[in-house]
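First the structure, in the form of structure tokens, and then the observations on it.
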Amino acid sequence: MTHYEKLDMLLNGLLSRVIHRNTHGSDNSILTFEFLCSKLFKDEDVKAWEVKYLQDRLIGDEYVEMIEKDNMLIPNITQKGIKFIQDGGYKKEQERKNMQDELVKTSIESNKRSKWAFVVSIASFLVALAALIIGLLNK
């Protein structure tokens with residue numbers, strides 16, 4: 001599983017907790033970031049550095065904030081995080097970036113072809129002009 005897939009899975013997991021938190025008033029203090037990772041990625045061999053990386057990335061992107069409950073830090077999805085995951089999350093963001101890169105690449109290739117076509121048309125015009133001048137001079 002890629003980091004982007006893991007980040008999206010964490011955001012989806014935290015989003016599902018919003019309903020529980022709103023219904024019951026709060027989250028369970030056991031739901032630390034490490035606990036969530038261990039449950040969501042139980043089939044993966046997620047190292048401590050990767051858990052820290054995932055947490056730092058989500059906090060740095062302002063999609064998750066850490067709130068204190070019973071002397072434990074519990075991750076909480078922000079409104080920005082909710083909107084982001086509803087818009088497709090990291091996977092969709094990566095797809096958009098790939099499409100944009102492909103569009104830029106295609107545009108550059110198209111411009112190169114357009115320049116070549118312009119050079120050929122100028123050369124054709126010059127050949128036709130030279131033939132006309134030679135034709136007029138030979139009369």
Side-chain angles (χ1 to χ4, degrees):
M1 184 179 302
T2 67
H3 285 293
Y4 291 129
E5 291 169 330
K6 289 176 183 174
L7 290 166
D8 283 343
M9 187 177 280
L10 282 164
L11 285 174
N12 278 312
L14 290 170
L15 181 61
S16 71
R17 296 297 304 161
V18 170
I19 297 168
H20 181 270
R21 186 173 43 256
N22 290 337
T23 306
H24 296 85
S26 69
D27 269 330
N28 190 334
S29 61
I30 196 171
L31 296 174
T32 64
F33 200 83
E34 293 79 10
F35 178 81
L36 287 173
C37 287
S38 70
K39 292 301 178 190
L40 290 173
F41 311 128
K42 61 184 170 200
D43 296 334
E44 301 274 327
D45 184 26
V46 179
K47 306 285 188 223
W49 69 265
E50 188 175 11
V51 171
K52 179 76 171 133
Y53 165 80
L54 295 169
Q55 178 178 333
D56 290 348
R57 175 72 188 264
L58 291 172
I59 291 171
D61 288 344
E62 299 177 354
Y63 299 143
V64 169
E65 61 187 358
M66 301 303 278
I67 55 174
E68 188 172 339
K69 178 167 173 40
D70 299 332
N71 293 326
M72 301 291 287
L73 288 176
I74 299 173
N76 180 44
I77 190 167
T78 63
Q79 289 301 314
K80 184 177 178 181
I82 292 170
K83 181 175 178 353
F84 179 72
I85 201 65
Q86 288 173 338
D87 288 342
Y90 287 97
K91 181 179 179 183
K92 191 69 164 182
E93 181 181 66
Q94 189 63 33
E95 288 173 4
R96 278 188 224 112
K97 183 183 178 309
N98 290 342
M99 286 174 53
Q100 185 177 10
D101 290 348
E102 187 62 33
L103 180 62
V104 168
K105 182 180 173 185
T106 303
S107 296
I108 290 171
E109 290 172 1
S110 176
N111 287 341
K112 287 179 183 177
R113 285 192 299 271
S114 295
K115 287 178 186 177
W116 178 248
F118 180 72
V119 168
V120 168
S121 63
I122 294 292
S124 299
F125 173 75
L126 292 175
V127 168
L129 183 63
L132 178 66
I133 293 173
I134 291 172
L136 290 175
L137 290 175
N138 287 337
K139 282 188 173 183

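What you see is a predicted model, and the numbers here were worked out from it, not measured in a lab.
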Residues Glu102, Val104; criterion side-chain contact (heavy atoms from CB on, under 4.5 Å); working and verdict: CA-CA 5 Å; Glu102 187 62 33; Val104 168; over 6 Å; no

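- Note that CD1 of Ile77 and CG of Leu11 are 5.0 Å apart. Values are rounded to the nearest 0.5 Å.
- In this structure, the side chains of Met66 and Ile74 stay at 4.5 Å or more apart for every pair of heavy atoms.
- The two atoms that bring Phe33 and Pro75 nearest to each other are N-CD, 3.7 Å, heavy atoms only.
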Derivation of the salt bridge (Lys or Arg N to Asp or Glu O under 4.0 Å) call for Asp56 and Lys52: CA-CA 6 Å; Asp56 290 348; Lys52 179 76 171 133; 3.1 Å; yes

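- Residues Leu31 and Arg17 are in side-chain contact: their nearest non-hydrogen atoms beyond the backbone lie under 4.5 Å apart.
- Here the CE atom belonging to Met9 is positioned 11.0 Å from the NZ atom belonging to Lys91, to the nearest 0.5 angstrom.
- Hydrophobic clustering (ILVMFWY, side-chain heavy atoms < 4.5 Å, transitive): Val127 and Leu136 are in distinct clusters.
- Annotation: side chain of Asn12 is in contact with side chain of Ile85 (closest heavy-atom distance under 4.5 Å).
- Under a 3.5 Å cut-off, the side chain of Thr78 and the backbone N or O of Tyr63 do form a donor-acceptor pair.
- Distance CG/Leu7 to CG/Leu54: 5.0 Å, rounded to 0.5 Å.
- Proximity of a side-chain donor or acceptor of Ser110 to a complementary backbone N or O of Ser107 within less than 3.5 Å is not detected.
- The ring-ring contact (aromatic ring centres under 6.0 Å, His included) check on Tyr53 picks up His3, with sequence neighbours excluded.
- A salt bridge is defined here as a Lys NZ or Arg NE, NH1 or NH2 lying under 4.0 Å from an Asp or Glu carboxylate O, and Lys6 with Asp8 fails to meet this definition.
- Within a 6.0 Å radius of CD in Gln79, no more than 12 heavy atoms belonging to other residues, nucleotides or ligands are found.
- Salt bridge Asp87/Lys83: present, at least one basic N to carboxylate O contact under 4.0 Å.
- Taking CD1 of Ile122 as the start and CG of Leu129 as the end, the distance is 11.0 Å to the nearest 0.5 Å.
- Atom NZ of Lys80 is surrounded by more than 12 heavy atoms from other residues, nucleotides or ligands within 6.0 Å.
- Taking the six-membered ring for Trp and thresholds of 30 and 60 degrees, Tyr4 and Tyr90 have nearly parallel ring planes, at less than 30 degrees apart.
- In this structure, Asn138 has no side chain to side chain donor-acceptor pair (under 3.5 Å) partners at least two apart in sequence or on a different chain.
- Remark: Gln94 CD to Glu5 CD distance equals 11.0 Å, nearest 0.5 Å.
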Does Val64 form a side-chain contact (heavy atoms from CB on, under 4.5 Å) with Leu14? I'd like the steps, not just the answer. CA-CA 9 Å; Val64 169; Leu14 290 170; 3.6 Å; yes

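- Under the 4.5 Å side-chain contact rule for hydrophobic residues, Ile134 and Phe125 do not share a cluster.
- If you take CG on Leu10 and CG on Leu15, they are separated by 12.5 Å, rounding to the nearest 0.5 Å.
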